[in-house]
Amino acid sequence: MQRGWERDQAQLKADVIEQDTEAWQSSPSFAGLERVGGVDLSYVKGDDTSACASLVVLSYPDLEVLYEDCCMVAVNAPYVAGFLAFREVPFLVDAMQRLEERRPGLRPQVLLVDGNGILHHRGFGLACHLGVLTGLPCIGVAKNLLQVDGLSNDELHKEQIRDLQAGGDTFPLSSTSGRILGMALRSYAKSTKPVYISVGHKMSLQSAVRLVHSCCKYRVPEPIRQADIRSREYIRKHVEASSAAVSQPERMSEDADSEH
DNA sequence: GCGACAG
DNA sequence: ATCTTGTCGC
């Protein structure tokens, strides 16, 4: 099964674009950018198939929520490091399709994805996968370093993290061969732990880092943070409602009552 | 046996 | 991802 997944990744990888398709590289304030999207999945504890997929769209640069979509889904693929996309991407594509049908005018111009882009075992993480399938510019934002291609969370790495003094400070993440796969970013002045940015699709690493930083009120950029908060809350209510249905069974229907 | 392991 | 309250500090 994983061999098939690797084949799919290799095929889709050919379509990844690592450069800006908008004039953002040369625009300090991202002129023309008005909507940034964020996606996330939250899982129901103790249930390996129930999850909530959420997509939010925020205004830019104000970061106000313009659109929200939370949807309970039945996850079928297991979580395997390196193949996260095969577990989560179908529901995110569905969410994008619903947005396209309901509010095409709110289509985000960029999507922030929790997970990696080209910083990946085979150079094709969730952010690339979703980018190619939707055609949207995507940025990978991981909360933990994926230790691949010579990257490791060793003493040197921790030392580099300690050197990130101010919010906005970064250091490059280079592969053994010297290619820059991503950037560690101190996204929030008060947070010691960086986030790991990598190119997903249709955007350069430089623009990606700058944009993510400009979306941060806290450590996790607001679009992803809002998607996360909302999907967790949606699950909380979902679990609450289903447990109430068990302890308080539905009353017999009228048909059943009058049947006698 | 030990360490890794995006979410 | 999730298990989990308070708590120390700015």
Side-chain angles (χ1 to χ4, degrees), chain A residues 2 5-6 9 13 16 38-55 70-93 95 111-131 138-155 157-158 165-167 173 175-176 181-185 187-201 205 208 212 218-221 223-236 238-240:
Chain A
Q2 287 183 20
W5 284 351
E6 287 184 15
Q9 289 181 330
K13 182 182 174 183
V16 171
V39 292
D40 185 45
L41 259 75
S42 290
Y43 295 84
V44 175
K45 63 171 182 179
D47 181 339
D48 46 8
T49 63
S50 297
C52 173
S54 79
L55 162 66
C70 286
C71 182
M72 290 305 299
V73 300
V75 178
N76 28 63
Y79 169 66
V80 181
F83 299 97
L84 175 64
F86 294 88
R87 179 171 165 85
E88 302 196 338
V89 102
F91 311 109
L92 301 177
V93 169
L111 216 44
L112 302 194
V113 180
D114 64 58
N116 294 294
I118 66 170
L119 171 35
H120 178 268
H121 304 71
R122 289 161 298 281
F124 194 73
L126 175 59
C128 297
H129 204 134
L130 186 60
C138 286
I139 300 173
V141 183
K143 295 182 285 298
N144 292 97
L145 177 66
L146 182 57
Q147 305 186 139
V148 67
D149 233 329
L151 297 174
S152 82
N153 188 14
D154 53 18
E155 262 321 306
H157 185 76
K158 287 169 182 161
Q165 292 297 329
L173 302 164
S175 68
T176 307
L181 302 178
M183 287 280 218
L185 164 72
S187 55
Y188 176 52
K190 295 178 183 172
S191 175
T192 299
K193 187 171 180 174
V195 291
Y196 300 95
I197 315 295
S198 59
V199 168
H201 192 43
L205 181 57
V212 167
Y218 304 101
R219 178 179 172 244
V220 174
I224 291 177
R225 182 168 167 270
Q226 286 303 323
D228 180 65
I229 290 173
R230 285 153 202 262
S231 59
R232 297 165 76 129
E233 181 66 7
Y234 195 86
I235 281 184
R236 198 185 63 71
H238 179 84
V239 170
E240 186 174 272

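These numbers come from a predicted model, not from an experiment. In what follows, chains carry the letters A, B, and so on, assigned in the order in which the sequence lines appear, proteins first and then strands, with residues in each chain numbered from 1. The figures here come from the full heavy-atom set of this structure, side chains too, leaving out hydrogens, waters and symmetry mates.
Side-chain atoms of A/Ser198 do not come within 3.5 Å of backbone N or O of A/Gly182 as any donor-acceptor pair.
In this structure, A/Phe83 has its ring center no closer than 6.0 Å to that of A/His121.
Annotation: side chain to side chain donor-acceptor pair (under 3.5 Å) contacts of A/Ser191 (sequence neighbours excluded): none. Residues passing the side chain to side chain donor-acceptor pair (under 3.5 Å) test with A/Gln147: none are found, sequence neighbours excluded. In this structure, the side chain to side chain donor-acceptor pair (under 3.5 Å) partners of A/Tyr43, at least two apart in sequence or on a different chain, are A/Arg87, A/Glu88. Residues satisfying the side chain to side chain donor-acceptor pair (under 3.5 Å) test with A/His157, not counting sequence neighbours, are A/Tyr196. Looking at residues two or more places apart in sequence or on another chain, you find no ring pair (Phe, Tyr, Trp, His ring centres under 6.0 Å) involving A/His120.
The nucleotide range of DNA chain B contacted by chain A, defined by atoms under 4.0 angstrom from heavy atoms of the protein and reported 5' to 3', is B/dA4 to B/dG7. Using a 4.0 Å cutoff to heavy atoms of chain A, the contacted part of DNA chain C runs 5' to 3' from C/dA1 to C/dC3.
The side-chain hydrogen bond (donor to acceptor under 3.5 Å, both in side chains) analysis of residues 46-55 of chain A, with sequence neighbours excluded, yields the pairs A/Asp47-A/Thr49, A/Asp47-A/Ser50.
Taking the six-membered ring where the residue is Trp, A/His129 and A/Phe124 present tilted rings, their angle falling between 30° and 60°.
Across all strands shown, A/Gly82 has heavy atoms under 4.0 Å from base atoms, whether or not it also approaches the sugar-phosphate. A/Lys143 comes within 4.0 angstrom of the backbone, heavy atoms only, and of no base. Note on A/Tyr79: a base of the nucleic acid sits closer than 4.0 angstrom, heavy atoms only. Using a 4.0 Å heavy-atom cutoff across all strands shown, A/Asn116 reaches at least one base atom of the nucleic acid. A/Phe86 comes within 4.0 angstrom of no nucleic acid atom, judged by non-hydrogen atoms across all strands.
Separation of the P atoms belonging to B/dG3 and C/dT4 is 26 Å when rounded to the nearest angstrom. C/dT2 sits 15 Å from B/dC5 when the C1' atoms are compared, rounded to a whole Å.
A/Leu119 has its side chain within reach of A/Val148: a pair of non-hydrogen atoms, C-beta onward, lies under 4.5 Å apart. In this structure, the side chains of A/Val44 and A/Val239 come closer than 4.5 Å at one or more pairs of heavy atoms.
Secondary-structure stems of DNA chain C, taken as three or more successive Watson-Crick or G-U wobble pairs (i with j, i+1 with j-1) under a 3.5 Å distance threshold, are lacking entirely. Base pairing in DNA chain B gives no stem of 3 or more Watson-Crick or G-U pairs under 3.5 Å.
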Would you tabulate the side-chain donor-acceptor contacts of residues 70-82 of chain A under 3.5 Å, counting partners in other chains and residues two or more places apart, or write 'none'?
none

Would you list the atom pairs, donor with acceptor, under 3.5 Å between side chains in residues 227-235 of chain A and any protein atom, with sequence neighbours excluded?
| unit_1 | atom_1 | unit_2 | atom_2 | d |
| --- | --- | --- | --- | --- |
| A/Asp228 | OD2 | A/Arg232 | NH1 | 3.4 |
| A/Arg230 | NE | A/Gln226 | OE1 | 3.0 |
| A/Arg230 | NH1 | A/Glu68 | OE1 | 2.9 |
| A/Arg230 | NH2 | A/Gln226 | OE1 | 3.1 |
| A/Ser231 | OG | A/Ser42 | OG | 2.7 |
| A/Ser231 | OG | A/Ala227 | O | 3.0 |
| A/Ser231 | OG | A/Asp228 | O | 3.0 |
| A/Glu233 | OE1 | A/Arg236 | NE | 3.2 |
| A/Glu233 | OE2 | A/Arg236 | NH2 | 2.9 |

